[in-house]
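Just follow the structure's listing: the first ligand is 1, and inside any ligand the first atom is 1. Residues: numbered from 1 along the sequence shown.
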Amino acid sequence: MSVVGIDVGFQNCYIAVARSGGIETIANEYSDRCTPAWVSLASKNRTIGNAAKGQIITNFKNTVHGFKKFHGRAFDDPYVQGEKPKLPYSLHKLASGNTGIKVPSFFTDAERRSVMDSTQIAGLNCLRLINDTTAVALAYGIYKQDLPTPDEKPRNVVFVDLGHSSFQVSISAFNKGKLKVLATAFDPYLGGRNFDEVLVEHFCEEFKARYKLNVRENPRAILRLSQECEKLKKLMSANCSDLPINIECFMNDIDVTGKMNRVQFEELCAPFLMRVEAPLKAVIEQSKLSRDEIYAVEVVGGATRIPSIKERIAKFFGKDVSTTLNADEAVARGCALQCA
Ligand code: ATP
Ligand code: MG
């Protein structure tokens, strides 16, 4: 049995092995005996040491270093508070009061484990858990007959998925029989439901003013209103004219009516619409591609049917968005392909 000694430094780490001939400091994969105390977390993998250090520019928020002194230290500790403004990543107070580092990994380990548990309860034998964006890329690649050969320049495709709760963007490079995910970015809290909530809020105010109804106090009324608002939102994707919302016996036997058109809707939703661009920017920066190296921008997810969302994506990449994939089923189809 060998014994190793590990020096975990603030900046660098070393590992020494005791062998019969004496002590030897071992080298890392770069033949370097010094390994930077860095960890970089991406959506799919974690890199450490030199490889992590190389990620600092492209993934600065999720590339952590200089964290040795945060171990077991309270968030309110003056040292932590003093370091905080100087860090490229963000510190947070844990439930215990200790210091935590926030990295926006899209699906946490605990969330993944919980999904695996559910599959077991359902009596399923889960072969693999795949990220939505990877599944979508697989679904795209499988049917494309005209992909570049392995020695040609790959075809770079952007995938944009705006669902009900989250916004995910990725860029993948395709060659025949080969797929490489180049970059991924998210807004984990932007989705179709934000737009429903904006409408709900608007009509709550309006019904309060017009009918003196306090809708917020009535959970059933809120649920009904939410359903109607989602319908209205979908209708506005296809129509620019004024569209009605009518709910009979809404509260206290009162029938309510209202209306809205796409222009008004876009004004109300401006703060959410503005959030579309950041992940697009992040993904293109991460991929180090220029916009003219992008072959196509494929959109999936129900909420990409909102015209103004599509326009913003098209404007950002300077090309029309493509809808080659089944917007609702692409993820499931990609998963099936992976395990077929
Ligand atoms: P997530 O990916 O966030 O986990 P999800 O996969 O369940 O959620 P999707 O099925 O992709 O989400 O999309 C559902 C969302 O798309 C809902 O908010 C729905 O209202 C919205 N949506 C569907 N059709 C339209 C449409 N025509 N116009 C506007 N929004 C639409
Ligand atoms: Mg989805």
Please write down residue, atom name and distance for the protein heavy atom closest to [atom].
| atom | value |
| --- | --- |
| atom 27 (N) of ligand 1 | Arg305 CD, 3.5 Å |
| atom 2 (O) of ligand 1 | Gly163 CA, 3.7 Å |
| atom 4 (O) of ligand 1 | Ser165 OG, 3.6 Å |
| atom 30 (N) of ligand 1 | Lys233 CE, 3.6 Å |
| atom 31 (C) of ligand 1 | Gly302 O, 3.3 Å |
| atom 18 (O) of ligand 1 | His164 ND1, 2.6 Å |

| remark: Any heavy atom of Glu230 under 4.0 Å from ligand 1? The part involved is side chain

| remark: Note: Ser237, heavy atoms under 4.0 Å from ligand 1, region reported as side chain

| task | Decide salt bridge (charged side-chain N to carboxylate O under 4.0 Å, His left out) for Asp77 and Lys84; before the verdict, give the C-alpha distance in whole Å, the side-chain angles of both, and the deciding distance to 0.1 Å. | result | CA-CA 11 Å; Asp77 186 303; Lys84 202 167 162 258; over 6 Å; no

| query | If you count the atoms of ligand 1 from 1 in the order shown, which ones are under 4.0 Å from a heavy atom of Gly192? | reply | 18 (O)

| ligand 1 atoms in contact with Gly301 (distance to a heavy atom under 4.0 Å) | 11 (O)

| message | Can you confirm whether some protein heavy atom lies under 4.0 Å from atom 6 (O) of ligand 1, or whether none does? | response | no

| task | Evaluate the ring planes of Tyr89 and Phe70, with Trp represented by its six-membered ring, and classify them as parallel (under 30°), tilted (30 to 60°) or perpendicular (over 60°). | result | perpendicular

| query | Can you say whether the rings of Phe195 and Phe265 are parallel (under 30°), tilted (30 to 60°) or perpendicular (over 60°)? | reply | tilted

| task | Please name the pair of heavy atoms, one in Thr25 and one in Arg33, separated by the smallest distance, quoted to 0.1 Å. | result | O-CD, 3.2 Å

| Checking Arg291 against Phe316: charged group under 6.0 Å from the ring centre and within 45 degrees of the axis? | yes

| request: Assess Arg155 against Tyr295: is NZ or CZ under 6.0 Å from the centre of the six-membered ring, and within 45 degrees of the ring's axis? | output: yes

| request: Determine whether any heavy atom of Asp328 lies closer than 4.0 Å to an atom of ligand 1. | output: no

| Sub-4.0 Å heavy-atom approach of Ser166 to ligand 1 | yes

| task | Could you tell me whether the side chains of Asn214 and Glu217 share a donor-acceptor contact shorter than 3.5 Å? | result | yes

| query | Any chance the side chains of Asn131 and Thr133 put a donor and an acceptor closer than 3.5 Å? | reply | no

| task | Can you measure from CD1 (Ile245) to CE (Met260) and round to the nearest 0.5 angstrom? | result | 8.5 Å

| query | Are any of the N/O atoms in Ala327 less than 3.5 Å from those in ligand 1? | reply | no

